Amino acid sequence: MIDLAALRQDPDAVKKSQAARGESVELVDQVVVADVARRAALGEFESLRANQKAIGAQVAKAQGDEKQALLAETKTLSDQVKAAESALRDIDANLDSLVLALSNVVDPAAPVGGEDDFVVIKEVGTKRDFAAEGFAVRDHVEIGELLGAIDIERGAKVSGSRFYYLTGPGAMLELALVQLAMNTAQKNGFIPMIPPALVKPAAMEGTGFLGQAAENVYHLESDDLYLVGTAEVPLAAYHMDEILEGVLPRRYAAFSPCFRREAGSHGKDTRGIFRVHWFDKVEMFSFCPVDEAVAEHERLLGFEEEFLQALEIPYRVIDVATGDLGSSAARKFDCEAWVPSQDRYREVTSTSNCTTFQSRRLKIRARGAEGVEPIATLNGTLCAVTRTIVALFENHQEADGSVRIPKALQPYLGGASHFKIK
RNA sequence: GGAGACGUCGCAUAGUCCGGUCGAGUGCGCCUCACUGCUAAUGAGGUAAGGGGUCAAACCCUUCGGAGGUUCAAAUCCUCUCGUCUCCGCCA
């Protein structure tokens with residue numbers, strides 16, 4: 001939810017942001033109108049109610065005829081108060097639904113445009129020249145089969161398309177990646193967390209996933225619970241309705257399964273485990289003072305880069321354009337790993353600065369020097385397991401189909417230097 | 001799944017039976033001041049959030065887990081709901 005007071009002050013800034021996202025500009029005007037109406041209705045209700053309470057206090061003291069007279073007076077007042085209250089409630093609900101429909105105000109530094117208008121910030125690492133090395137690139141599906149690490153066929157048999165089993169070395173690799181990620185995060189000041197993957201509507205709503213992203217969320221109707229698409233949801237909602245005390249930023253890193261319906265991506269990335277309905281992920285999350293959020297965003301990006309560098313995977317960083325931001329994000333950086341079989345960079349991690357958008361919805365604030373203050377939330381992927389496996393297998397493959405294990409990961413895999421073909 | 005108890009201002013509690021003087025007392029914690037060689041102790045005062053209003057105040061409204069209802073009036077009565085705890089059953 002955006003800051004209504006700020007919108008009141010400068011509606012044009014919000015309009016500009018909506019335009020940059022390619023979303024409704026006139027929604028801003030509707031909010032302004034609804035806001036004026038609300039304040040009028042609020043004043044009406046409040047003065048009637050104040051009157052009612054004042055007379056009520058007299059009723060309590062009065063006796064006999066005097067009391068009867070007051071009762072008669074306040075009886076009609078009571079009806080007026082009720083009418084004013086219900087009018088206020090309707091206007092309030094209307095305003096709320098309009099404000100909730102507004103996406104976060106984009107960071108002016110974010111490149112304006114659609115999906116393809118991102119800006120490449122940097123490229124890191126060296127892509128291998130497989131032709132020069134003298135062998136044809138295998139994709140992660142082939143490698144996964146050779147190693148006995150990924151079983152897609154049986155994933156489909158048991159659960160349908162976009163499901164998989166990690167088997168043998170694949171299963172151990174996931175655990176190794178997760179441990180490396182969690183250990184790294186803890187060293188960097190994150191509190192390790194294992195959060196619930198099923199959440200109530202309030203948590204989903206509060207993090208902004210029931211808006212335009214709703215069609216990609218699994219919903220368990222009989223229990224009215226949602227399967228989270230990212231640990232961002234239970235981590236953000238962890239402090240829902242709280243005023244944070246003490247030192248900020250407060251950083252958490254969670255290991256959790258992620259479930260995504262992938263509606264609207266039919267036919268996209270159908271091969272392998274690049275785009276699946278379920279995967280596991282280590283996610284970073286930060287509750288941060290508003291004026292430190294931009295620096296914190298850079299920090300999260302830095303942690304993501306360090307992880308990719310530890311895995312020796314070539315990647316680039318892009319500054320995602322306004323039209324491609326999630327509704328909660330003011331700015332987003334993606335790390336895209338080089339995928340040799342596709343001869344292009346593909347997203348493996350993503351970090352967003354949600355400024356105060358989520359914390360307003362979730363009613364999270366912090367006690368600062370000047371009292372209770374709003375707070376910024378930021379999230380970033382440390383390791384999305386399946387996509388990391390794709391990048392790892394493909395970039396570190398050897399001529400015979402075996403895969404070199406990067407040094408940083410070896411301690412978590414019994415010191416082995418390679419995944420060998422079975 | 002069955003039976004019961006309970007959700008109050010950071011924490012712990014009072015208030016609920018018998019509706020108004022309760023937006024709410026007390027203790028602890030925290031903040032300010034005084035006293036003290038320092039700390040501690042003691043004394044005085046302050047200490048929920050959100051909204052409206054104001055140059056700033058004053059002031060007003062809302063919130064006693066949540067949602068409804070009864071009433072002139074609800075922390076207090078009624079209904080539903082969520083959560084916590086205890087016992088039983090079941091289970092990893």
Side-chain angles (χ1 to χ4, degrees), chain A residues 1-9 31-100 194-206 210 219-226 233-234 237-248 250 256-257 287 290 356-375:
Chain A
M1 178 163 53
I2 70 159
D3 183 357
L4 192 53
L7 180 147
R8 199 142 61 204
Q9 285 232 307
V31 168
V32 170
V33 170
D35 179 47
V36 170
R38 187 190 82 99
R39 277 184 294 164
L42 184 65
E44 170 82 10
F45 163 74
E46 285 189 352
S47 64
L48 283 168
R49 178 75 176 142
N51 211 328
Q52 183 189 34
K53 286 175 78 165
I55 296 177
Q58 292 175 45
V59 170
K61 288 182 211 151
Q63 297 290 329
D65 287 349
E66 192 192 353
K67 184 162 194 162
Q68 292 312 312
L70 284 167
L71 278 180
E73 186 181 349
T74 191
K75 213 157 203 163
T76 61
L77 241 187
S78 171
D79 290 339
Q80 290 175 353
V81 168
K82 273 181 188 143
E85 188 172 20
S86 94
L88 175 62
R89 207 180 296 182
D90 289 347
I91 288 169
D92 236 345
N94 178 247
L95 175 63
D96 271 357
S97 69
L98 290 172
V99 172
L100 285 175
I194 298 188
L198 284 169
V199 300
K200 297 200 270 190
M204 218 62 187
E205 178 86 60
L210 292 187
H219 181 220
L220 303 185
E221 214 164 303
S222 52
D223 298 287
D224 200 16
L225 288 171
Y226 292 89
V233 175
Y238 186 62
H239 287 302
M240 181 162 58
D241 297 320
E242 292 181 22
I243 296 170
L244 301 182
E245 314 271 353
V247 183
L248 294 175
R250 204 175 290 201
S256 86
F287 296 91
V290 171
T356 60
F357 187 82
Q358 285 178 333
S359 61
R360 275 178 215 285
R361 289 182 165 222
L362 292 164
K363 300 196 179 71
I364 303 169
R365 290 148 295 168
R367 206 175 299 280
E370 285 156 48
V372 175
E373 297 164 349
I375 194 170

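Chain letters run A, B, ... following the sequence lines, proteins first and then strands; every chain starts at 1. This one's a predicted model, so the numbers in the text were calculated from it and none came from an experiment.
By the ring-ring contact (aromatic ring centres under 6.0 Å, His included) test, A:F357 is found to be paired with no residue, residues two or more places apart in sequence or in another chain being considered. Not counting sequence neighbours, A:E85 has no partner by the side chain to side chain donor-acceptor pair (under 3.5 Å) test. Listed by chain and residue number, nothing satisfies the side chain to side chain donor-acceptor pair (under 3.5 Å) test with A:E373 (two or more places apart in sequence, or in another chain). Annotation: side chain to side chain contact (heavy atoms under 4.5 Å, CB included) contacts of A:V372 (sequence neighbours excluded): A:I243, A:R365, A:R367. In this view, A:V290 and A:T356 satisfy the side chain to side chain contact (heavy atoms under 4.5 Å, CB included) rule, not counting sequence neighbours.
Using N1 to N3 plus N6-O4 or O6-N4 for Watson-Crick, or N1-O2 and O6-N3 for G-U wobble, each under 3.5 Å, B:G19 pairs with nothing. Both distances falling under 3.5 Å, in either a Watson-Crick or a G-U wobble arrangement, occur for no nucleotide opposite B:G89. Remark: B:G29 base-pairs with B:U47. Criterion, Watson-Crick or G-U wobble with two distances under 3.5 Å. Pair assignment for B:U39 gives none, since no Watson-Crick or G-U wobble pairing has each distance under 3.5 Å. For B:G53, there is no paired nucleotide, since no Watson-Crick or G-U wobble pair has both relevant distances below 3.5 Å.
Judged as a salt bridge (charged side-chain N to carboxylate O under 4.0 Å, His left out), the pairs with a partner in residues 38-47 of chain A (not counting sequence neighbours) are, in order, A:D35-A:R39, A:R38-A:D92.
In 5' to 3' order, the nucleotides of RNA chain B bounding all contacts with chain A (an atom under 4.0 Å from a heavy atom) are B:G20 to B:C82.
Relative orientation of the A:Y226 and A:H219 rings is parallel, given thresholds of 30° and 60° on the angle between their planes.
Residues of residues 32-43 of chain A that place a heavy atom closer than 4.0 Å to RNA chain B, in numerical order, are A:R38, A:R39, A:L42.
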Side-chain donor-acceptor pairs of residues 69-84 of chain A under 3.5 Å, sequence neighbours excluded:
| unit_1 | atom_1 | unit_2 | atom_2 | d |
| --- | --- | --- | --- | --- |
| A:T76 | OG1 | A:E73 | O | 2.9 |

